Amino acid sequence: MAPYESDDAVGAAHEGAARDGAPRSGRRKAARYAVPVAVVGVAAATIGLVPALADSGDPDLPKITAQQLIDKMAKSDVQQLSGTVKITTDLGLPDLGGLEDGLLSGSGHGGSGDGSSADPRSRLTELATGMHTLRVAADGPDRQKVSLLERGAEYSLIHDGKDVWGYDSKSNEVYHSTAAGSGRERRAEPPATPGDFAEEALKAVDDTTSVTVDGTAQVAGRDAYKLLIRPRQSGTTVGAISIAVDAKTWTPLKFTLTPRSGGAAVVDAGFTQVSFARPAASTFDFTPPKGAKVTEEKDAAARTPAPKHDEDLAGGLGGLDVLGKGWTSVATVDTGAKGGLPTGSQGGDLGGFLGSLGDPVSGKFGKGTVFSTRLVNALITDDGKVYAGLVTKETLVKAADAGK
């Protein structure tokens with residue numbers, strides 16, 4: 001099927017939009033760094049309720065423009081759903097013999113928070129790599145459940161009112177936290193619906209972005225439109241973001257992020273089965289099993305609430321600044337750690353090991369090392385500065401030079 005008409009009013013490039021990938025001069029607070037980096041952050045840490053594998057066949061649906069589709073998504077108010085989600089994440093990380101799992105989740109499953117293997121802050125980072133199957137359910141802003149299915153075991157995260165329970169069946173450990181707020185005001189856990197993930201991606205839509213309706217698809221047996229988001233700028237590692245949107249409820253059913261370098265998707269996540277009927281109330285009931293070790297979250301009231309907007313997220317990142325615009329924006333922070341990678345008695349062989357995983361570079365900024373994945377690249381300079389973004393190695397070097 002030929003692509004539907006593009007909507008030039010959405011993401012139309014301004015005359016002065018940057019197209020060469022070079023960061024613009026000057027510094028500004030990171031009010032837009034979550035755009036589009038939020039796409040990756042949510043994909044890696046909170047993709048649990050986001051859709052992945054489309055069925056064959058393209059349904060014949062009425063024509064719709066990108067602006068109309070976005071408007072319908074914005075007005076959608078789906079409160080109940082349940083289903084099965086499959087997610088594949090392939091950042092192209094090097095094979096470290098399992099070390100990368102420990103780096104992502106602290107010291108294994110119990111490496112963060114209060115040391116419980118049921119702590120969601122450690123377990124949900126597992127979604128940053130590999131293939132996973134999840135069961136999801138939602139009944140309004142105060143009731144959600146995500147279950148990560150493993151071989152012979154299951155990890156579940158249940159939000160029921162003021163209570164959040166994490167349960168690891170393998171270790172028979174329970175993690176419990178409470179919060180005075182509810183719904184979006186207290187949500188520091190995964191999003192309640194697939195629309196939350198698509199919402200983050202749509203924040204990247206500006207004058208540096210092209211948005212079109214790219215035909216139709218079937219996902220989990222449901223007819224859907226395909227919304228296609230493409231950066232207009234060169235210098236970014238992002239090729240395209242495709243969101244399959246249900247043609248009846250206007251709920252996102254599938255999310256795919258492909259790199260500009262080609263090959264398999266970096267993130268491919270979607271429903272293989274979905275229902276928009278209200279889940280049974282018992283779905284969200286939880287009582288710690290007999291003999292389970294229960295860990296109560298300490299100082300729950302003092303935890304930093306989840307940011308509501310890009311500006312809040314950026315403001316919470318401390319001294320983070322941004323160079324450039326849109327998809328080629330580069331975040332930079334001065335760590336104060338002179339000498340670059342750790343070496344000597346304190347760093348041992350860690351500096352040499354990390355250095356072997358990166359590429360040495362130099363420029364006006366001096367010397368440094370670039371660490372690359374298929375999507376996110378980071379430059380650590382010898383004078384302790386870090387530059388990172390969804391950009392190519394060349395764009396990072398330009399950003400570092402411009403930041404001097």
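All values reported here derive from a predicted model rather than from experimental measurement.
- Taking a cutoff of 4.0 Å between a charged side-chain nitrogen and a carboxylate oxygen, R135 and E154 qualify as a salt bridge.
- Contact detail for I243 and F255: the closest heavy-atom pair is CG1-CD1, 4.0 Å.
- Counting only N and O atoms by type, the side chains of S116 and D119 include no donor and acceptor under 3.5 Å apart.
- Between K367 and P360, every side-chain heavy-atom pair lies at or beyond the 4.5 Å cut-off.
- Here the closest heavy-atom approach between residue K393 and residue V361 is recorded as CD-CG1, 4.0 Å.
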>> Using side-chain contact (heavy atoms from CB on, under 4.5 Å), reason through R374 and D90 one step at a time and then give a plain yes or no.
In response: CA-CA 8 Å; R374 299 175 66 221; D90 180 11; 3.4 Å; yes

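- Of all heavy-atom pairs between V397 and S362, the closest is CG1-O, 4.2 Å.
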> Can you list the steps and then say if K248 with R222 is a side-chain contact (heavy atoms from CB on, under 4.5 Å)?
Replying inline: CA-CA 9 Å; K248 289 186 177 180; R222 298 184 66 90; 4.0 Å; yes

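- Between V370 and L396 the shortest side-chain heavy-atom distance falls below 4.5 Å.
- For the atom pair CG (L134) and CZ (F271), the distance works out to 10.0 Å, reported to the nearest 0.5 Å.
- With respect to the salt-bridge test (charged N to carboxylate O, under 4.0 angstrom), the residues K254 and D268 qualify.
- No donor-acceptor pair under 3.5 Å is formed between the side chain of Y155 and the backbone N or O of S147.
- In this structure, the side chain of S329 engages the main chain of G326 through a donor-acceptor pair within 3.5 Å.
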>> Assess the residue pair L375 and L390 against the criterion (side-chain contact (heavy atoms from CB on, under 4.5 Å)); give the C-alpha distance rounded to whole Å, side-chain angles, the decisive distance to 0.1 Å, and a yes or no.
In response: CA-CA 6 Å; L375 194 66; L390 307 182; 4.0 Å; yes

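- By the side chain to side chain contact (heavy atoms under 4.5 Å, CB included) test, S76 is found to be paired with V78, W250, T251, residues two or more places apart in sequence or in another chain being considered.
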> Could you go step by step and tell me if S282 and D285 meet the side chain to side chain donor-acceptor pair (under 3.5 Å) rule?
Replying inline: CA-CA 5 Å; S282 58; D285 293 340; 5.3 Å; no

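- Partners of D223 by salt bridge (charged side-chain N to carboxylate O under 4.0 Å, His left out), not counting sequence neighbours: none found.
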> After noting the C-alpha distance and the side-chain angles of I241 and T256, does the key distance pass the side-chain contact (heavy atoms from CB on, under 4.5 Å) rule?
Replying inline: CA-CA 6 Å; I241 294 172; T256 305; over 6 Å; no

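- Distance alone, capped at 3.5 Å, places no donor-acceptor pair between the E173 side chain and the S169 backbone.
- Residues L61 and A247 approach most closely at CD1-CB, 3.9 Å, considering heavy atoms.
- Remark: the backbone N or O of A138 is not paired with any side-chain donor or acceptor of Q144 at under 3.5 angstrom.
- Residues I64 and K72 form a side-chain contact, since some pair of their non-hydrogen atoms from C-beta on lies under 4.5 Å apart.
- Across all non-hydrogen atoms, the minimal contact from D139 to P279 is CB-CD, 4.3 Å.
- Between the side chains of D163 and H176, at least one donor N or O lies within less than 3.5 Å of an accepting N or O.
- The aromatic rings of Y167 and F286 sit tilted relative to each other, their planes meeting at an angle between 30° and 60°.
- Between the OG1 atom in T328 and the CG atom in L323 there is a gap of 10.5 Å [rounded to 0.5 Å].
- Salt-bridge formation is not detected for the pair D160/K145: no Lys NZ or Arg NE/NH1/NH2 atom is positioned less than 4.0 Å from an Asp or Glu carboxylate oxygen.
- In this structure, the side chain of R260 does not engage the main chain of A240 through any donor-acceptor pair within 3.5 Å.
- Using a 4.5 Å heavy-atom threshold, the side chains of R278 and S82 count as separate.
- Between the OG1 atom of T395 and the CH2 atom of W327 there is a distance of 14.5 Å, given to the nearest 0.5 Å.
- Counting heavy atoms from C-beta outward, Y175 and P120 have side chains that approach closer than 4.5 Å.
- A salt bridge is absent between D77 and K75: the closest approach of a Lys/Arg side-chain nitrogen to an acidic carboxylate oxygen does not fall below 4.0 angstrom.
- Note that CG of D168 and NZ of K293 are 11.5 Å apart. Values are rounded to the nearest 0.5 Å.
- The distance from the CZ atom of R230 to the OG1 atom of T236 is 12.5 Å, given to the nearest 0.5 Å.
- Side-chain contact between L253 and V245 is absent, with no heavy-atom pair separated by less than 4.5 Å.
- Between the side chains of S372 and N377, at least one donor N or O sits under 3.5 Å from an acceptor N or O.
- The minimum heavy-atom distance linking T65 with V213 is given by the pair C-CG2, 3.6 Å.
- Once rounded to the nearest 0.5 Å, the distance linking OG1 of T216 with CG of D58 reads 4.5 Å.
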> Would T212 and D214 count as a side chain to side chain donor-acceptor pair (under 3.5 Å) if you check the C-alpha gap in whole Å, the side-chain angles of each, and the deciding distance to 0.1 Å?
Replying inline: CA-CA 6 Å; T212 59; D214 189 29; 5.7 Å; no

>> Run the side chain to side chain donor-acceptor pair (under 3.5 Å) test on T332 and D321 for me, step by step, so that the C-alpha distance in whole Å, both residues' side-chain angles and the decisive distance to 0.1 Å come before the verdict.
In response: CA-CA 5 Å; T332 176; D321 289 330; over 6 Å; no

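- For the 3.5 Å distance criterion, the side chains of T84 and T272 fail to qualify, holding no donor opposite an acceptor.
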